[in-house]
There are 2 protein chains.
Amino acid sequence: MIETKSTRLKTSKMKKGGDLTEQQLADLVETFKVLSDPTRIKIALTLTNNEMCVHDIAGATGISESAASHQLRILRSLRLVKHRRQGKQIFYSLDDHHIEKLIQVATEHIAER
Amino acid sequence: MIETKSTRLKTSKMKKGGDLTEQQLADLVETFKVLSDPTRIKIALTLTNNEMCVHDIAGATGISESAASHQLRILRSLRLVKHRRQGKQIFYSLDDHHIEKLIQVATEHIAER
DNA sequence: TACACATATGAACAAGTGTTCATATGTGTG
DNA sequence: CACACATATGAACACTTGTTCATATGTGTA
């Protein structure tokens, strides 16, 4: 279904969907998608100012270690968390201050409803 | 599978998943989930500093009017957009500056990769 | 090397999501 | 009222996603 040029809005005010490339849009979506899961938000909050191993992350967030590992893999692939090996354990911590900022702004948002 | 108290982390540094209520967590998830869809981000960007009717929103974002209406319903239910009737048309605009802020921070984030 | 601990991975399943198509509701005009 | 325009809604479908369970990989120690 092809839409012809609208006559309802002055062309001077026309603004294409944000002038983003498809790649930028996909990256934005991916970023928000990572945070749109309760387990991953819990992990992110848990890791705020903390460096923790998988076992403790699982315990603190109330999920299995397997589930934690799967989610940490996702967070790692998007560079939201970094890891450091110390002996048998692997310690995770936040790798991006934007994450805390995003959660903070969103928290402000939900508080104003 | 019940996890016993961990001995791997000093209890003084223990921090439960962010000290949020389940409701707050659910609201946070809902907020990010709304933005984790390319169509809705396009709509949000399109509506930044613009007030537009459904037909033009559909045109600017490249989706059908039905799809736009469905998504606007979602954005409306979460108070992200507000609407104003003028004759036969309904004009939508952003209802929350936090949305622009969230997109801005996320954009900064993806730029730093 | 053999073993236990710590984490990672793969397959499979249930639950959720966004679109399309058809239809309904609401609004102004003749 | 009848009609066209603008938007909304419901059902159905394909697609994605997060968990669990079982198994594999990696690491330190005896």
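Every chain is numbered from 1 and lettered A, B, ... according to where its sequence line falls, protein lines coming before strand lines.
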Phosphate OP1/OP2 of [N]: any [X] side-chain N/O under 4.0 Å:
| X | N | result |
| --- | --- | --- |
| B:Arg40 | C:dG18 | yes |
| B:Ser69 | D:dA6 | no |
| B:Gln71 | C:dT19 | yes |
| A:Thr39 | D:dT19 | yes |
| A:Tyr92 | C:dA6 | no |

Exercise. Rounded to the nearest 0.5 Å, how far apart are CG of B:Leu78 and CG of B:Leu35?
Worked result: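 Interatomic distance, B:Leu78 CG to B:Leu35 CG, rounded to 0.5 Å: 9.5 Å.
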For this session: Measure distances between side-chain N and O atoms of B:Ser66 and base N and O atoms of C:dT19, and say whether any donor-acceptor pair falls under 3.5 Å.
Result: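 By the distance-only test, no, there is no pair.
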Exercise. Has the side chain of A:Ser64 got a donor or acceptor that lies under 3.5 Å from a partner of the other kind on the base of D:dC21?
Worked result: no
[X] side chain, from C-beta outward: closest of [options]:
| X | options | answer |
| --- | --- | --- |
| A:Ile74 | C:dA8, D:dG18, C:dT19 | D:dG18 |
| A:Lys88 | C:dT19, D:dA8, D:dG26 | D:dG26 |
| B:Gln89 | D:dA6, C:dA22, C:dT19 | D:dA6 |

Distance check needed: [N] [atom2] versus [X] [atom1], whole Å only.
| X | N | atom1 | atom2 | answer |
| --- | --- | --- | --- | --- |
| B:Leu35 | C:dG18 | CG | P | 12 Å |
| B:Arg85 | D:dT7 | CZ | C1' | 7 Å |
| A:Asp37 | C:dT17 | CG | C1' | 14 Å |
| A:Ile43 | D:dT19 | CD1 | C1' | 13 Å |
| B:Ile90 | C:dG28 | CD1 | P | 11 Å |
| A:Arg73 | D:dG18 | CZ | P | 13 Å |
| A:Phe91 | D:dG26 | CZ | P | 20 Å |
| B:Leu72 | D:dA8 | CG | P | 7 Å |

Exercise. Heavy-atom count around A:Arg84 CZ within 6.0 Å, excluding the residue itself: above 12?
Worked result: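 Counting other residues, nucleotides and ligands, CZ of A:Arg84 exceeds 12 neighbours.
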Exercise. In terms of heavy-atom contacts, does CZ of A:Arg73 have more than 12 from other residues, nucleotides or ligands at under 6.0 Å?
Worked result: no
Exercise. Ring stacking, B:His70 with base of C:dT19, under 5.5 Å and under 30°?
Worked result: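 Stack criterion not met.
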Exercise. If you pin A:Gly87 and B:Ala68 to their nearest nucleotides in DNA chain D, which one's is more 5'?
Worked result: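 Final value for this comparison: B:Ala68.
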For this session: Find which nucleotide of DNA chain D each of A:Ala67 and A:Lys33 is nearest to by heavy atoms, and output the residue with the more 5' nucleotide.
Result: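 By nearest-heavy-atom nucleotide position, the 5'-most residue is A:Lys33.
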For this session: Please list, by residue number, the residues of residues 76-83 of chain B whose heavy atoms come closer than 4.0 Å to an atom of DNA chain C; answer none if no residue qualifies.
Result: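 Per residue number, the list is empty: none.
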Is a side-chain donor or acceptor of [X] paired with a backbone partner of [Y] at a separation under 3.5 angstrom?
| X | Y | result |
| --- | --- | --- |
| A:Gln89 | A:Gln86 | no |
| A:Arg40 | A:Val34 | yes |
| B:Asn50 | B:Met52 | no |

Problem set entry | Flag side-chain contact, heavy atom, 4.5 Å: B:Thr39 against B:Lys42 |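 No. Closest side-chain heavy atoms not under 4.5 Å.
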Problem set entry | Contact check, side chains of A:His83 and A:Asp95, non-hydrogen atoms, under 4.5 Å |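 No, side chains not in contact.
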For this session: Using Watson-Crick or G-U wobble geometry with both distances below 3.5 Å, tell me the partner of C:dT23, or none.
Result: D:dA8
